[in-house]
Each structure stands twice: as structure tokens, then as C-alpha cells.
Amino acid sequence: MGRTDKYKKREEEKEVDLIPFMNLIAILIPALMYSTEFVKIASLAVSSPRIGPSQPAQVDKPDEKPPLNLTIAISSIGLYIASANNVLPGSEGQQQEQAAGPTIPKVTAKSYSIQEPSGKVKEMMRVWEFNGKTYNLGIKPVTSEGISQRVAGWKAQYGSVQIKDVLDHNYPALHEKLKVIKKAFEKERQVIISADPNVVFESVVRVMDATRNYQDEESGETKYLFPQVVLSAGVV
Amino acid sequence: MTETKDSLAGLTPEEIEELEFQKKAKDARKEKMKLRRPGGGVALTPTSLLDIMTILLVFMLKNYATNPMNINPSGDLRLVKSTDVSESHKHLVPLAITSKHILVDDKPVVQVKDGKVSATAKREGGDGYFITPLFDALQATAEHQKKLAEYNSSVKFEGELMIVADKDVPFRLLSEVLYTAGQAEFGKFEFAVIRL
């Protein structure tokens, strides 16, 4: 009892000096704020075509199908899908017609934009409709509730939301078509993407998104479509 | 005093002593406070502030950039959003193509106007693919990386670049940049996108 009393008395007299600790925190917070990432950056691997002999693996197996060399060309009127060595599924007998127009012509997508306080109009979302489903960012499925929820949020923040019809590439259709091609050429992983000079970078990324993965309908697993992208500067 | 006596009824002498000591200590502390602030302001209680700071600190540590790349999107550099992509963990030299400049490692190298590099900056003129100042900058970077690899075995020159492009960069400019990078021994690229 006596000992604890003494201890208590000593405690009573002491006052914790918090100032050094506060200094430390005050320095740490700006330092951490500086290095905090508020946007998550990811990266898409791309390679440019190699100049040189073709890979030996393809030469050694003569019984295999020749490489697909699947090429997607982005033009101002639509997407062209072609293969140098194979006839793609779904395009037999259509060669004549396809020579005239793109494989997947452009479609109208809905563009949702807002006006920033500075007066600048900024597009917030673009929505595609394909086969009765709606997609955001080219191939990401969205529900109509999800869209209206977002629109309500923007309305609350910016006042009004303008909805416009814009002509854009039909990425959902590309995605579906690539799934069919993948079924016929299961081992293929490479796709060559090329574009017209004035096609914007965003379209290239959208096409890369559509060619990367797909959700298997039976198992629900995410499977590779054609994840190896080779960017070619060739103009069709 | 009588009041205190009343409320103290039924306590042992030790407990009374303890209470009296506590009271004295409190008074002494008050005196000390008064001495410290001659103006007699309100005593500052740092505890709540400290709580806020601690919570903020934990939050910041949690959000701490594990990504070695530090990319700051701005008005000239609006990144593209993308779905289903993995976060990058490599540290690569960033090559940014904004609507006004091409930057290597955050240093502006060439000006961009209306999605084009001026013909004078290209080796073959307007139709050419080779952007001379960009090539020089990339070659210097490649040399630097190779030199580092010579002395440090954990560093390897793999010829990879992080392309940070504005969403409205035309494909023509992009292919010019990729071609030039290819000439400077950079053959693999990663496109930086915002992960959703």
C-alpha cells in the first residue's frame, strides 16, 4: 500500500510534455501527404513490333496452325478486324462486303457531361448499349440504377448534366467478336493494334481494354483474350 | 471546510489524506498554469488535437504510395481510365506526352502544338517519325541506366519506358514517340492509366 501511494504521488506531479510529439506529427503529415497517391495508376504493357527473324517456336511445329496475327485497325469510321493467315470465324463469305466498310462500324453512345465552375465542359461518362445491356468505359457493364445514381450525384454537385448522343467505336461488339475468335484460336494471345493518324489515345486504350480479358459465362472466371498487345504504326 | 468534512465521513484516514493530497496537487497545477500564462487565457488541451493527428497519420500511412511512380495528372495531362488492369510496381523512366510538351523524366524536351511536333524538331521533316530532341534525351537516359547497371548488379537495363499520355494525343504522335524510343533502345512500353 505504502509503495503504490508513493508511486501515485510521483505520477501526480509529472506532466507529460506533448510538444515534441506534436512537432513530429506536424512534420510527418505534410511528408506523407506529399507522397500519398490520390489516383491509382496502373499500366498496360505494350511492345512495338520486333524487326528480325520470327520466333523459333513457331517454326518448329509445322502441324500447328499458322500464327493468327490478329490485327485490329482503328479508323475514323470504325474498327477493322483482320488476320493475315487465317479466315476469322463469322467472316467467311463476307469478304466482298467487308472490303467496302469496317468490320464493326461506329455506333451512337450516350455522353454525360457537366459544366465545371470555370465554364469548362467535362465529359464524366460515356455509355454504350449493346444487345440490350449497357456498358461504361467500353466494356464495363453498368446497370441503369447505377447510371441514374451517378447522374443524381453530379446534378447535386454541378447543377445540371447534359446528355448527348456521340458517335463512337462499338467496343462491346468488338469484345463479343473477339470472344468468338478466341474460341477458334485458343492458344493465341497476341493482337496487333494499329490506328489512323488522328485516332486519339483514349480509343487505343479502350480497344486494349476490350482485347484483354473476358468473363467466362459458365464458370464466371476471368480469362485472357489477347493480352499481348503489339502497337503498329502501319496505316491501313 | 465543514462540507468537506461531511462528505469525508466514513472514510479511512489514509483515504482522506489521499484526497487532500490530490486537491493540493490540483491547486499547485492551477497555480503553475496561471504563472505560465500571465494573460490568463483558456488552458489549451492538446489531447483532442492529438487524437485527430493520430487518426490522420494512420490514414495517411495506409494510403502511402507504394507505387514508386509519381505521376501527377493535370490540365494538360488527363490520363485515360481503364478497367481490369493490375497496378504497376516497376520503376520506369516516365515519358509524358501532354497536350503542350513531351517530357522525359519530368523535364520538357519538345513542344507539342495541336497534337504535332514541329517539323524542325524531326530529322526527316514533317512526315518523319524521328523526333531528334526526344531521341537525344532518351539516349542519355539509356546511357545513364546502362552505366548504373554496370556498377550495380541489381539494376538491369531492360529498355522499358512508362508512357504517360494525355487522352487526346493522336495516334500519329504516339507512334512517332514509340518509334523514336525504339531507336534509342527502348522497345517495351507501359501505358499509364487510371485504375478504376
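Each chain gets a letter, A, B and so on, in the order its sequence line appears, and its residues count up from 1.
- Looking at A:Thr103, its side chain does come within 3.5 Å of a backbone N or O of A:Ile81 through a donor-acceptor pair.
- Of all the listed residues (A:Ile19, A:Leu44, A:Val200), the one sharing the greatest number of non-hydrogen pairs under 4.5 Å with chain B is A:Leu44.
- The contact between B:Leu174 and chain A is made entirely by side chain atoms (from C-beta outward), counting heavy-atom distances below 4.5 Å.
- Most heavy-atom pairs under 4.5 Å with chain A, from the set B:Val80, B:Leu56, B:Asp166: that is B:Val80.
- Ranking A:Asn198, A:Val46, A:Val229 against chain B, the residue ahead of the rest is A:Val46, based on heavy-atom pairs under 4.5 Å.
- Without hydrogens or angle criteria, A:Lys182 side chain to A:Glu188 main chain gives a donor-acceptor distance under 3.5 Å.
- Two rings, from B:Phe171 and A:Phe201, have their centers 6.0 Å or more apart.
- Taking the six-membered ring where the residue is Trp, the centroids of B:Phe157 and B:Phe186 are separated by under 6.0 Å.
- Looking at B:Ile97, neither its backbone nor its side chain comes within 4.5 Å of chain A, counting heavy atoms on both sides.
- Within the 3.5 Å criterion, the main-chain N or O of A:Ser76 finds a donor-acceptor partner in the side chain of A:Lys106.
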